[in-house]
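Just so it is clear, the values below take in all heavy atoms, side chains as well, and ignore hydrogens, waters and symmetry mates.
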Amino acid sequence: MLPRPGSSWAFGALLKSTSVVVLKVERALYIHSPHLQFLDLSLCLLQWKSGMVKQLGWTVSDDLLCVQEDGTVLVYDLLGGFKRHFSMGNEVSQSQVLETKIFHSPYGTGVAILTGALRFTLATNIDDIKLRRLPEVPGLQGAPSCWAVLTQDRQSKVLVASGPHLFILDNTACTPVTPPGLSPQASSIVHMCVSFSYKYLALLTDSGHVWMGTSNLKEKLSEVDTKIKGSPKQMAWCRRPKSQQPSAVVMWDGLLLVVGECKETIQYHLEDDSILVPELDGVRIISGTHHELLQEVPGACEEIFKIASMAPGALLLEAHKEYEKESQKADEYLREIKEQSLLSEAVRQCVEAAGHEHEPETQKTLLRAASFGKCFLSNFPPEQFVSMCKDLRVLNAVRDYTVGIPLSHTQFKQMTLQVLIDRLVYRKLYLLAIEVCRYLKTPEYQGVSRVLKHWACYKVQQKEESDEVIAKAVSVKLADAAGISYSEIATKAYESGRTELAIKLLEFEPRSGEQVPLLLKMKKSPLALSKAIESGDTDLVYTVVMYLKNELNRGDFFMMLRNQPVALSLYKQFCKHQEQETLKDLFNQDDDHEELGNFYVKASYKEQRLEARIAHLQSAVDEYYKAKNEFSAKTTEDEMRLLRFQRKLEEEKDEQLVGFSLQDTMTTLLSVGLHKHAEQLYKDFRMPDKRFWWLKLKALAEKEDWEELEKFSKSKKSPIGYLPFVEVCIKHHNKCEARKYVAKVSPEQKVKAHLAVGDVEGAAEAAIERRNESEISTVLSRCSATTDHLLVERLNRAKATVPKK
């Protein structure tokens with residue numbers, strides 16, 4: 001059992017029934033679950049070595065906040081592990097902390113501080129610190145009698161009581177307010193509290209009156225005279241969601257008073273020093289020996305259990321009790337309920353009441369009564385009953401003293417299952433969390449897999465076991481779990497200083513994209529490069545290569561790439577577009593003369609000056625000879641000769657030729673009439689006869705130099721035949737010239753030549769002479785039945801005499 005705190009160093013705090021904190025005189029910090037404190041079992045024990053603590057409190061995610069006198073806030077996890085710290089600003093540090101309140105808003109957990117300079121500083125969300133210095137309270141000479149934090153209109157404000165005056169402080173102004181209907185006997189407000197939802201406010205005056213109303217101070221709900229004028233130790237709201245009965249709890253030494261709308265009060269005597277913890281649906285009373293929940297009796301429970309109740313649920317419970325006794329009264333009770341057509345309502349009341357009860361035996365009694373009533377209903381939906389049974393089984397498990405999370409059903413529904421699982425995981429209760437997930441059939445990625453991932457992250461931080469043992473245990477446990485990223489677990493191992501364990505865990509990660517970043521972070525570059533290549537993802541390989549390029553010196557980088565041909569090939573592709581000089585260095589290092597030659601050829605085309613271009617080409621020739629590639633070397637030498645020839649002609653004839661291909665150069669020379677230079681080029685570069693004749697034919701036709709074309713046709717026998725002469729003349733709309741070459745056309749092309757010039761009879765003669773059925777048919781298709789009927793008859797007769805193949 002914890003010793004009672006006996007000095008100003010004793011504090012208590014609780015959030016959502018999760019943990020109790022006591023800071024002892026010996027400067028030790030104990031963290032307990034509400035039940036475990038009575039069994040001498042601590043979640044953790046910390047030796048406090050920091051400054052004077054002014055306030056303790058919990059965040060919405062179960063982290064412990066310790067606010068020190070100098071404005072420094074230390075954050076610990078539930079098991080006492082230090083997470084981080086932050087400061088509330090220089091002004092707070094200089095003037096020291098006078099009072100502190102830790103509050104919760106839609107934005108997260110906030111901290112409000114009253115400094116020694118009597119100024120308020122506010123941080124609405126400790127995860128995104130933005131300090132706000134609120135306006136000064138006019139006439140404030142000392143610490144206010146009381147103050148509280150309100151959340152209104154998406155903004156956190158401070159309500160301050162200074163004597164009989166009330167002020168609301170927001171970002172820009174200090175506004176005086178007056179509670180409507182406050183007792184005139186009051187000369188000052190000595191205590192105040194805000195409801196869990198921030199919708200309601202309770203004020204206690206020095207005259208002993210408790211005023212209750214809305215937190216915007218526009219509506220009064222009630223005012224009760226407690227008849228006690230002493231200052232209370234604590235005051236808290238006690239109100240169920242959707243309840244119409246506002247009530248507040250005021251605690252003095254040894255006395256607890258509940259005040260509501262009526263003038264009467266309810267008193268409870270306390271044997272031990274206690275603290276009040278307001279919650280969603282009631283107030284928890286925590287002492288050194290007891291943990292109790294004070295709340296308004298739920299409607300369903302009141303209807304069933306009040307004396308002489310005739311509510312449907314009460315009758316159904318009695319009917320079930322009589323049924324178990326095998327008494328005929330059970331039938332009488334059932335008939336009474338049925339006659340009023342309230343059996344469905346009776347079942348609903350029993351199910352709802354079971355949810356509000358904390359004793360398992362009472363829960364079972366109510367649920368058995370509900371199940372009994374369902375048997376007499378043909379269309380009652382079973383979902384509510386089944387859901388309540390499951391919820392209560394989970395709640396009873398987490399309420400157990402070995403777990404110590406005494407949630408009410410209302411809190412559980414507000415919290416949601418996911419948050420409960422998070423709370424269990426946070427306490428390292430992995431087995432229970434998994435059982436809950438399986439029992440409620442939570443989707444695996446949200447349930448079992450998520451819990452196992454947290455377990456694995458915790459497991460890899462244990463120093464007692466070897467890397468091999470932990471890696472095997474994790475792989476076995478997670479073998480059948482879906483959607484778990486081993487890279488996250490490996491990251492946690494690496495952050496814990498276990499690099500080899502992280503590498504072993506990464507072997508189980510199927511996605512290379514998840515392995516590589518962590519390997520790079522661990523400086524395991526060769527392994528990261530190998531994994532990236534194995535993945536087949538070129539983007540991933542490029543990512544690793546670029547990382548290595550920036551991390552390693554040039555020599556080591558090239559050496560690593562030489563051991564990985566795939567990475568080297570991809571890097572070369574990158575260099576071709578981005579880093580040409582680096583590509584040249586790679587080829588030089590590998591003595592790749594073939595690629596060096598290609599590099600110089602490509603580089604030559606980027607040069608504007610002819611001398612530089614030729615110099616590059618000469619370098620390419622040298623490399624090609626080193627590579628024993630004579631074809632490429634000769635071709636490059638020819639290119640150099642062509643460039644020199646082009647430059648010479650440019651200087652002599654003032655024609656733009658440098659950079660043209662051999663064919664384009666020849667075409668240009670022929671088109672401008674430089675036939676001799678074209679002939680020389682034709683001979684020097686051993687251009688094929690057919691190509692030269694085609695080029696000259698087209699060039700002369702383009703110029704419409706028909707005389708020169710005729711001379712050219714007679715210069716020697718055409719290697720391309722004479723049909724091209726006919727066709728090119730027709731193309732340029734000169735049938736007269738075309739007819740000159742028809743006679744020279746070879747027999748197999750004469751039909752086509754005659755038809756090209758429009759000589760149908762000549763085409764017919766040629767077709768008949770060759771006795772070719774296909775050609776005769778072609779000529780027939782070009783004949784007119786009216787004007788060429790004699791020719792058609794002749795062709796048909798000739799076609800009939802053609803032997804069939």
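- Partners of Leu293 according to the side chain to side chain contact (heavy atoms under 4.5 Å, CB included) rule, which considers only residues two or more places apart in sequence or in another chain, are Arg284, Gln295, His358.
- A 4.5 Å side-chain heavy-atom check between Arg450 and Asp422 finds at least one atom pair inside the cut-off.
- Heavy-atom neighbours of Lys220 NZ from other residues, nucleotides or ligands within 6.0 Å: above the threshold of 12.
- Among pairs with a residue in residues 250-259, those fulfilling salt bridge (charged side-chain N to carboxylate O under 4.0 Å, His left out) read Lys233-Asp253, at least two apart in sequence or across chains.
- We find the NZ-CG distance between Lys364 and Leu392 to be 11.5 Å, quoted to the nearest 0.5 Å.
- In this structure, Asp128 places its CG atom where more than 12 heavy-atom neighbours from other residues, nucleotides or ligands lie under 6.0 Å away.
- The line from CG of Leu201 to CG of Leu221 is 10.0 Å long, rounded to the nearest 0.5 Å.
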Evaluation steps, side-chain contact (heavy atoms from CB on, under 4.5 Å), between Ser183 and Glu223: CA-CA 8 Å; Ser183 172; Glu223 189 173 21; 3.0 Å; yes
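- Considering CG of Leu114 and OG1 of Thr100, their distance stands at 8.5 Å, rounded to 0.5 Å.
- Ile304 places a side-chain heavy atom less than 4.5 Å from the side chain of Leu366.
- In this structure Phe82 satisfies the ring pair (Phe, Tyr, Trp, His ring centres under 6.0 Å) test together with Tyr76, sequence neighbours excluded.
- Ala353 approaches Ala300 most closely through the heavy-atom pair N-CB, 3.9 Å.
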Before you tell me yes or no, could you show the steps for Arg119 and Glu136 under side-chain contact (heavy atoms from CB on, under 4.5 Å), namely the whole-Å CA-CA distance, both residues' side-chain angles and the distance that decides it to 0.1 Å? CA-CA 6 Å; Arg119 297 295 297 271; Glu136 191 172 357; 3.8 Å; yes
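- Donor-acceptor pairing under 3.5 Å is lacking for the side chains of Gln185 and Asp225.
- Looking at Pro278 and Trp237, their side chains never come closer than 4.5 Å, going by heavy atoms from C-beta outward.
- Sequence neighbours left out, the pairs with a member in residues 80-102 that pass salt bridge (charged side-chain N to carboxylate O under 4.0 Å, His left out) are Asp63-Lys83, Arg84-Asp127, Glu91-Arg133.
- With sequence neighbours excluded, the residues forming a side chain to side chain contact (heavy atoms under 4.5 Å, CB included) with Asp391 are Ser387, His409, Phe412, Lys413, listed by chain and number.
- Of the residues listed (Gln414, His356, Gln411), the one engaging Asp281 in a side-chain hydrogen bond (donor to acceptor under 3.5 Å, both in side chains) is Gln411, and it is the only one.
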N/O donor-acceptor pairs under 3.5 Å from side chains in residues 189-199, not counting sequence neighbours:
residue, atom, partner, partner atom, Å
Ser195, OG, Ser197, OG, 3.4
Ser195, OG, Tyr198, N, 3.3
Ser195, OG, Lys199, N, 3.2
Ser195, OG, Tyr200, N, 3.1
Tyr198, OH, His104, N, 3.2
Tyr198, OH, His104, O, 2.6

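- A search for side-chain hydrogen bond (donor to acceptor under 3.5 Å, both in side chains) contacts involving Asn216 returns Thr214, not counting sequence neighbours.
- A distance-only check finds a donor-acceptor pair linking the side chain of Ser145 to the backbone of Ala161 [under 3.5 Å].
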Applying side-chain contact (heavy atoms from CB on, under 4.5 Å) to Leu74 and Ser50, what does each step give before you reach the verdict? CA-CA 9 Å; Leu74 287 76; Ser50 193; 4.1 Å; yes
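- In terms of heavy atoms, Ser162 sits closest to Leu140 at OG-CD1, 3.7 Å.
- If you take CE on Met235 and CE on Met251, they are separated by 12.0 Å, rounding to the nearest 0.5 Å.
- Nearest heavy atoms, Thr362 versus Phe305: CG2-CZ, 4.2 Å.
- Residue Ile405 holds its CD1 atom at 8.0 Å from CG of Leu432, rounded to the nearest 0.5 Å.
- Formation of a donor-acceptor pair under 3.5 Å by the Glu357 side chain with backbone atoms of Gln363 is not found in this model.
- Pairs engaging residues 209-233 under the ring pair (Phe, Tyr, Trp, His ring centres under 6.0 Å) rule: none recorded [sequence neighbours left out].
- Side-chain N or O atoms of Ser309 include one that pairs as donor or acceptor with a backbone N or O of Glu303 at under 3.5 Å.
- Sorted by first and then second residue, the salt bridge (charged side-chain N to carboxylate O under 4.0 Å, His left out) pairs with a member in residues 255-268 form an empty list; sequence neighbours excluded.
- Under a 3.5 Å cut-off, the side chain of Asp206 and the backbone N or O of Ser187 do form a donor-acceptor pair.
- Sorted by first and then second residue, the ring pair (Phe, Tyr, Trp, His ring centres under 6.0 Å) pairs involving residues 242-271 (not counting sequence neighbours) form an empty list.
- Every residue two or more places apart in sequence or in another chain that forms a side chain to side chain contact (heavy atoms under 4.5 Å, CB included) with Ala370 is listed here: Val347, Cys350, Val351, Phe385.
- Within the 3.5 Å criterion, the main-chain N or O of Gly71 finds no donor-acceptor partner in the side chain of Ser93.
- Between atom CG of residue Leu64 and atom CG of residue Asp77 there is a gap of 9.5 Å, rounded to the nearest 0.5 Å.
- Remark: side-chain polar atoms of Arg427 are paired, donor with acceptor, to backbone N or O of Arg423 under 3.5 angstrom.
- Looking at Gln349 and Pro312, their side chains come closer than 4.5 Å, going by heavy atoms from C-beta outward.
- Nearest heavy atom pair, residue Val224 against residue Cys262, reads CG2-O, 3.4 Å.
- Looking only at side-chain heavy atoms (C-beta outward), Leu118 and Leu98 come within less than 4.5 Å of each other.
- Remark: side-chain polar atoms of Thr226 are paired, donor with acceptor, to backbone N or O of Gly208 under 3.5 angstrom.
- Contact annotation: the side chain of Asp170 approaches that of Thr172 to within less than 4.5 Å [non-hydrogen atoms, C-beta and beyond].
- Side chains of Ile285 and Leu276 form a contact here, defined as non-hydrogen atoms less than 4.5 Å apart.
- A donor-acceptor contact shorter than 3.5 Å links the side chain of Ser247 to the backbone of Cys238.
- Taking 4.5 Å as the limit, some side-chain heavy atom of Val436 sits within range of a side-chain heavy atom of Leu417.
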How far apart are the C-alpha atoms of Thr178 and Leu182, what are their side-chain angles, what is the distance that settles it, and do they pass the side-chain contact (heavy atoms from CB on, under 4.5 Å) test? CA-CA 8 Å; Thr178 302; Leu182 184 64; 5.9 Å; no
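- In the model, Ser408 has no side-chain atom that pairs as donor or acceptor with a side-chain atom of Thr410 under 3.5 Å.
- For residues 113-138, every residue pair satisfying the ring pair (Phe, Tyr, Trp, His ring centres under 6.0 Å) rule, not counting sequence neighbours, is listed here: Phe120-Trp147.
- Across Leu122 and Ala112, no two heavy atoms sit closer than the pair CD1-CB, 3.3 Å.
- What you find for Thr124 and Ser105 is that their closest heavy atoms are CG2-OG, 3.7 Å.
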